[in-house]
Number of protein chains: 2
Amino acid sequence: MTTIHEVAAAAGVSISTVSYALSGKRPVSEKTRRRIEDAAQTLGYQPDAGARMLAGRRTHIFALTEPLRADTHAPTHMAFVLATAVAARRRGYDILLLTDEQTSDGMNRVAASNLVDAILVLDVAPDDERVDIARSVRTPTIFIGLPDDQRDLTCVDLDFEAAGHLAIDRLADAGHAAAHLLGQTEVSYRKSNFPRRLLRGVEERAADRDVVLTWTATGAAATDPALVRRSAEAALDDGIRAFVVHAVDDVHDVLLEVLDERGLALGVDASVISAAASFDTSVLAAPIDTIPLVPQQSCELAVDIAVRHLDETNVPPEIHLIAPEYHGAGSVRPPRD
Amino acid sequence: MTTIHEVAAAAGVSISTVSYALSGKRPVSEKTRRRIEDAAQTLGYQPDAGARMLAGRRTHIFALTEPLRADTHAPTHMAFVLATAVAARRRGYDILLLTDEQTSDGMNRVAASNLVDAILVLDVAPDDERVDIARSVRTPTIFIGLPDDQRDLTCVDLDFEAAGHLAIDRLADAGHAAAHLLGQTEVSYRKSNFPRRLLRGVEERAADRDVVLTWTATGAAATDPALVRRSAEAALDDGIRAFVVHAVDDVHDVLLEVLDERGLALGVDASVISAAASFDTSVLAAPIDTIPLVPQQSCELAVDIAVRHLDETNVPPEIHLIAPEYHGAGSVRPPRD
DNA sequence: TTGAAAGCGGTACCAA
DNA sequence: TTGGTACCGCTTTCAA
């Protein structure tokens, strides 16, 4: 194991100079720095993590708590975990996993033992137990998602309400007087917060713009293709030609299938917008207008905020809502004048 | 932040006694131990992670490398990650995530900086780049899965070949002279190792027992329901009434659907065995005989071995194959005498 | 621009 | 059964 002493000896300097040269926290003459870097390079020097934590009061580790519920959509969840890990590494941080039963105890433990510099919270529930813990620990905690009670919390999330507004606006602009929302699973409307927020946004704007709105959740816990089909067909039977889909890929597939069966051309006879989908919508049978939920965006922002909490002192708690973006693909009728 | 000194003061003992009392590495009189534990409890003492690493030469962290490929089956993958995390925590270890691009660099980094006590390797490829790194680092590394070249490696995995043997044996015992294997995705036969191993086991034993074997992969990258249906129907048309399924849940569903359509009763007219499925087969439409792949089993064993490598010196590398178990559910014709 | 040295908060050896 | 203390390897202040 190469230590800083060996690097110092090899470069003919003191260990403090090595430390400063490598961290850049103190100016070091160009040529000694080069000598030190060369020595570190050839010796394969990597500072000891424990020593660095102890002396530097920085662990360079973030905890990521992810309580895996039975109804968790695995691909979406993985996308968020991955995006967080990538964003963290880019800033020089590793991710320590805190799973299920460990959530509360785990958060307290890693905070009390100074194992991590910050905690990132995934899969946030409306009445999340981690909210209280976040308030009680000194470790900066960033929620990726919004709990109901956001007092004193730092959160990052897509602005789902604005996404709902945006979707309805586009459909109304296209002249639709009625729209149907194919929503998330029933259980998610109770266990999560974002489906309700999108729904609220859609409802609000539909009321504002005199769009008659109907909606259905897509199955009890798992998505139910038959149910999706039935509700899509019922909407079509009612003369509705505008759809907002806030659901996983399968649901999109079913809707497109039904439209196809009825000979309704996307962007001509019928309009479809995929709202807050976190998967790659290009895998669908047809191009669809989307208001995507980009895990990389949320997670990167969360990591940035975490880092800021460490670098600056007294960063006030804040709710960061990410503005939705509309990506047109021709699945919505052109606006009529 | 509570330190060991405060606990010692509160209990009226020296810090070394506190350390020993809490670690149990030296006998401490019953009543002083109680006093110390009380003090630690009320003060909410949690040893500083960095200090513990530095002084104890043990980080109590395992790295988990998981290179997420595009064809990774998210639910299965999550099951393994979760099982690993749970098993590790039970032994007092946390899991540090090493994702994708970071795999090689990441392993070297965490090993060189003594950030982790051991490395667990998930999603092992036949020609995995992590094999060489495992050989070069001092950090004990356990593969959950088998690469082609296993020299000097410690690996844990289900004995897929034995699972293949077992499946064919049961079908042959039931009097089937022909069987069809519905396999994994095509890409997995190239990118992974276990599909081939199961296939080999099935082929070997089929040859031994004079069972005519046919098989198909289920789709190019993603599972293709239509393809599954076609190959199941073709097999039935050929008079085959015995199936081994080594695939995700959807494939099982399609097969059961086809059998149902043809009025073939499971366990009477036709036999089906699900081999090495890592999902809960009780969600299927009908009960099916299984030879399950239990993530908890593999991951717990891997963690146990990692711990053993830390507690004992000079544990030799070894391949640990987990014997498959047969769980009957009546989906295979009773053996004929 | 560089070096010496005082910690950081534990662990574990050596004494008592 | 307990206490004193020398590290563990690095960061950072204080001096030069």
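Lettering follows sequence order; numbering is per chain, from 1.
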Distance alone, cut at 3.5 Å: any donor-acceptor contact between the side chains of A:Ser104 and A:Glu129? yes
Q. Checking A:Ser113 side chain against A:Ala111 main chain: does a donor-acceptor pair fall under 3.5 Å?
A. no
From CG of A:Leu54 across to P of C:dC8 the rounded distance in Å is 9 Å
Whole-Å distance, A:Glu6 CD to D:dC10 P, equals 9 Å
Taken to the nearest whole Å, CZ/B:Arg52 to P/D:dG9 is 18 Å
Correct closest heavy-atom pair for A:Asp123 and A:Pro67 would be CB-CD, 3.9 Å
Scanning both residues in full, the closest heavy-atom pair of B:Thr139 with B:Ala118 reads CG2-CA, 3.6 Å
Winner on side-chain proximity to B:Tyr20, out of D:dG9, C:dC13, C:dG9, is C:dC13
B:Met53 atom CE is separated from D:dC10 atom P, nearest whole Å, by 14 Å
What's B:Ser113 touching, base or sugar-phosphate or nothing? Going by heavy atoms closer than 4.0 Å.
nothing
Salt-bridge test for B:Arg33 and B:Glu37: reply yes if a basic N is under 4.0 Å from a carboxylate O, no otherwise. yes
Atom CE of A:Met1 and atom C1' of D:dC8 are separated, to the nearest Å, by 9 Å
Modelled atom types, side-chain donor and acceptor of B:Ser16 and B:Ser19, under 3.5 Å: no
Expected list for residues 25-46 of chain B near DNA chain C, using heavy atoms below 4.0 Å, is B:Lys25, B:Arg26, B:Tyr45
Check: Can a donor-acceptor pair be found between the side chains of A:His60 and A:Asp117 at a distance below 3.5 Å?
Finding: no
In whole angstroms, the gap separating C1' of C:dA12 from CZ of B:Arg58 amounts to 14 Å
Ion pair B:Asp127/B:Lys191, N-O distance below 4.0 Å: no
Taken to the nearest whole Å, CD1/B:Ile4 to P/D:dG3 is 12 Å
Here the pair of heavy atoms bringing A:Ala125 nearest to A:Asp128 is N-OD2, 2.8 Å
The bend of the helix from C:dT1-D:dA16 to C:dA16-D:dT1, taken between the axes of its five terminal pairs at each end and rounded to 10°, is 40°
Practice item. Before giving the answer on side chain to side chain contact (heavy atoms under 4.5 Å, CB included), spell out for B:Leu122 and B:Thr65 the whole-Å C-alpha distance, their side-chain angles and the decisive distance to 0.1 Å. Key: CA-CA 6 Å; B:Leu122 232 50; B:Thr65 92; 5.7 Å; no
Within residues 10-19 of chain B, those residues having any heavy atom closer than 4.0 Å to DNA chain C are B:Ile15, B:Ser16, B:Ser19
From CG of B:Leu22 across to C1' of C:dA12 the rounded distance in Å is 15 Å
- Task: Look only at the side chain of B:Arg135 and the backbone of B:Arg151, and say whether a donor-acceptor pair between them is shorter than 3.5 Å.
- Result: yes
Short side-chain N/O contact from A:Arg57 to OP1 or OP2 of C:dG7, under 4.0 Å: no
